Chemist: 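Before I ask anything, let me first share the structure, which is written out below as structure tokens.
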Amino acid sequence: MAVAAKKKDKPGGTPEPTRDDLLGYYRQMLLLRRFEEKAGQMYGMGLIGGFCHLYIGQEAVATGIHAALGQGDSVITGYRCHAHLILAGSDPKAVMAELTGRAGGVSKGKGGSMHMFSEKGHFFGGHGIVGAQVALGAGLAFANWYRGNDRVAVAYFGDGASNQGQVFESFNMAALWKLPAIFVIENNQYAMGTSTARHAAIRELYRRGEAFGMDGRQVDGMDVIAVRAAAEDAVAHCRSGAGPIVLEMMTYRYRGHSMSDPAKYRSKEEVARVRAERDPIERLRDHLVENKFADDELFKEIDKEIKAIVNEAAEFAQNSPEPDPSELYTDIHVN
Amino acid sequence: MPVQTVREALRDAMAEEMRASPDVFLMGEEVAEYQGAYKVSQGLLQEFGPKRVIDTPITEMGFAGIGSGAAMLGLRPIVEFMTFNFAMQAIDHILNSAAKTLYMSGGEIKCPIVFRGPNGAASRVAAQHSQCYASWYGHVPGLKVVSPYSAADAKGLLKSAIRDPNPVVFLENELLYGQSSEVPEGADVTVPIGKASIVRQGRDVTVVAFSIMVGKALQAAEKLAADGIEIEVIDLRTIRPLDTETVIASLKRTNRLVCCEEGWPFAGISAEIAMVVMEQAFDDLDAPVMRVTGKDVPLPYAANLEKLALPQIDDIVTAVKAVCNKG
């Protein structure tokens, strides 16, 4: 596979991912995939309400970037946030229970699919307003810069959000003040139903920071190894004090924009082709097999392990009680 | 007690809190090198340096978001808007990012930030630069909204706002910046958020006001006293949480109420107070509540029209007489 060759001359100088690393990413990506599939089923059964934006297809992006981050680095994203939260260390049970709006949810059932956080995991949401997380993410980077530590902040946003004015405002200040911000554009090709060809005057979104003197790189976001390598370079760049950087992750979502989107703006063949040729989990699986890092037996074991986690999450999310009515008036202010 | 301008009092509040905590910083347009568009941050750059007194580009939405994000990671930003008219570019972050995140996160993510700057009409700057946002921000659960009148309250309340673990919108008034009054000394002197103040006692009518309208109500009180009507003037100081207790206690003594605000009448602070009084003290009213507000028009430029559009002292006098059936 070409992917394996590409990472050889990685400029960051950090070690190649080991077998354990790769198996870890495989487990993580499979967990994210199965979790979201289950969420989709539960949505269909009416157990999850409102909007529900699934991450299926994009797993390599969050997984690869998470692999490059360290303790105390901050992450923020938009409403397609379940995967990022799980990677930040939140219990899948509590994430699923948030989707079902139960007391055991990460936000006590008060945030829902789009508004989930983990202070401990330095995950700052989970934001429903497209593009807002970019300015907030620059603010997280600002706090690190202000304190003079070497922590970085990752702000994820989609190709759709990349057109928001505040993205450019944030780029400008981040570059002006050399904030340690990694702006990750998850380019899944569609801003809801509008393709990049129809929403972006220049489709090379990694160049969006050029006007501010920011470096940008386009990365195969369906290849977790390539994502990790790019993220490690970006983290090193930020930690060195060189300022912000843009990573455009070329990815794809298999499902609609949200559960209520039948995705009629693209052909079934297009989705099937990406699934067949670029699926991030299948690709890593092939890589693991090629390198004799895993065999069918191990994959079966992992499948079983993941299935158990997801089933447990689904069960917890259905059995956790609804929030107590008294929770209506809590958490409005810090007392 | 030393006398200070509101401008100096606000600056001292920021300086004292910045001395007390390295997490407190000021960002906004022209706050550093220029010393503040209205000179409120005079001298702060010299004392605290460019990392803590930060000139931003003209980019309200961006720096409101950056401030909110920094607050989520534990810093204590003071974000200055050159005027609150420009904060409409940033209102999404004030509401959706700063005010709602604590609730949406089930109490996990805090956002201790102060958004401050002049609010309301200045002088002859017309419609886009002359709006009162008290009812806009007052509408939002999760925000605290403060709007002081005196220099002492400006200082004490700004210190409380900076120390508050919640997002606070701090509405100043350009025309009050140069006004002087006594300010108690001491870095520990604060004024609590959520407490109104009776600035003049009177038995006949309760007049509720905030910010610049407090001064107009006090002047109206002098005129009315000459006619034998004693009004009790309440300076709300805080819009949210509203100190309904003080208002209702006063109403129970006077049984008549006039609400004053510079903003528009529709869904304004006066409308809210009138409703609260109906809900909680209807039987104490001897007359319908009246309000004195800005006229329901964009603020005009022409001097005569501007005067007509803004609530004047005589409008308060007229309203007070009306609720006393002495119109």
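A quick note: this is a predicted structure, and the numbers were derived from the prediction, not measured.
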Chemist: Ring centroid separation for A:His82 and A:Tyr55, is it under 6.0 angstrom?
Modeler: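 No, too far apart.
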
Chemist: Can you confirm if the NZ or CZ of B:Lys51 lies within 45° of the ring axis of A:Trp145 and under 6.0 Å from the centre of its six-membered ring?
Modeler: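 The answer is yes; both the distance and angle limits are met.
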
Chemist: Counting only non-hydrogen atoms closer than 4.5 Å, does B:Glu60 touch chain A with its backbone (N, CA, C, O), its side chain (CB onward), both, or neither?
Modeler: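 Looking at B:Glu60, just its backbone touches chain A.
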
Chemist: Could you tell me whether A:Tyr146 and B:Phe25 have their ring centroids closer than 6.0 angstrom?
Modeler: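 Close enough - the centres of the two rings lie under 6.0 Å apart.
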
Chemist: Could you check whether B:Gln35 and B:Gln46, counting side-chain N and O atoms only, form a donor-acceptor pair closer than 3.5 Å?
Modeler: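 Yes, B:Gln35 and B:Gln46 have a side-chain donor paired with an acceptor closer than 3.5 Å.
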
Chemist: For chain A, which of B:Arg52, B:Glu108, B:Gln89 has the most heavy-atom pairs under 4.5 Å?
Modeler: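 Between B:Arg52, B:Glu108, B:Gln89, the count favours B:Glu108.
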
Chemist: Please classify the contact between A:Ser118 and chain B as side chain, backbone, both or neither, with a heavy-atom cut-off of under 4.5 Å.
Modeler: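 Contact with chain B: backbone and side chain both.
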
Chemist: Counting only non-hydrogen atoms closer than 4.5 Å, does B:Leu143 touch chain A with its backbone (N, CA, C, O), its side chain (CB onward), both, or neither?
Modeler: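 For B:Leu143, the contact with chain A is made by the backbone alone.
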
Chemist: Under 4.5 Å heavy-atom distance to chain B, tell me which part of A:Leu140 shows up: side chain, backbone, both or neither.
Modeler: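 Both the backbone and the side chain of A:Leu140 come within 4.5 Å of chain B.
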
Chemist: In terms of side-chain heavy atoms, does B:Asp243 have a donor or acceptor partner in B:Thr246 at a distance below 3.5 Å?
Modeler: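 Yes, a side-chain donor-acceptor pair sits under 3.5 Å.
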
Chemist: Taking every non-hydrogen pair under 4.5 Å, which of A:Gly137, A:Ser170, A:Ala138, A:Ala132 racks up the most with chain B?
Modeler: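 Answer, by heavy-atom pair count under 4.5 Å with chain B: A:Ala132.
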
Chemist: Please rank B:Gly62, B:Pro167, B:Ser105 by heavy-atom pairs under 4.5 Å with chain A and give me the top one.
Modeler: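 Result: the option with the highest number of such pairs is B:Ser105.
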
Chemist: Report the distance from atom CE of A:Met116 to atom CD1 of B:Ile109, rounding to the nearest 0.5 Å.
Modeler: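 A:Met116 atom CE to B:Ile109 atom CD1 measures 13.0 Å (nearest 0.5 Å).
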
Chemist: Of all of A:Arg147, A:His122, A:Glu327, which one pairs up most often with chain B through heavy atoms under 4.5 Å apart?
Modeler: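 Result: the option with the highest number of such pairs is A:Arg147.
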
Chemist: Say whether A:Arg208 and A:Asn163, considering side chains only, have a donor N or O and an acceptor N or O under 3.5 Å apart.
Modeler: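 Note: A:Arg208 and A:Asn163 side chains meet the donor-acceptor criterion.
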
Chemist: Measure B:Pro77 against the heavy atoms of chain A and call it side chain, backbone, both or neither at under 4.5 Å.
Modeler: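 Contact with chain A: none, neither part.
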
Chemist: Could you tell me whether the side chains of A:Tyr79 and A:Gln133 share a donor-acceptor contact shorter than 3.5 Å?
Modeler: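 Note: A:Tyr79 and A:Gln133 side chains miss the donor-acceptor criterion.
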
Chemist: Which bit of B:Lys144 is near chain A, if near means a heavy-atom gap under 4.5 Å: side chain, backbone, both or neither?
Modeler: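 Both backbone and side chain.
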
Chemist: Is it the case that the side chain of A:Gln318 and the backbone of A:Ala313 share a donor-acceptor pair, with hydrogens and angles ignored and the cut-off at 3.5 Å?
Modeler: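 Such a contact is absent between A:Gln318 side chain and A:Ala313 backbone.
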
Chemist: Below 4.5 Å from any heavy atom of chain B, which atoms of A:Leu176 appear? Answer side chain, backbone, both or neither.
Modeler: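 It is the side chain, since no backbone atom gets that close.
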
Chemist: For B:Asp164, is it the side chain, the backbone, both or neither that has a heavy atom under 4.5 Å from a heavy atom of chain A?
Modeler: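 Contact with chain A involves no heavy atom of B:Asp164 at all.
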
Chemist: Which atoms of A:His127 come close to chain B, meaning under 4.5 Å heavy atom to heavy atom: side chain ones, backbone ones, both, or neither?
Modeler: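 Only the side chain of A:His127 comes within 4.5 Å of chain B.
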
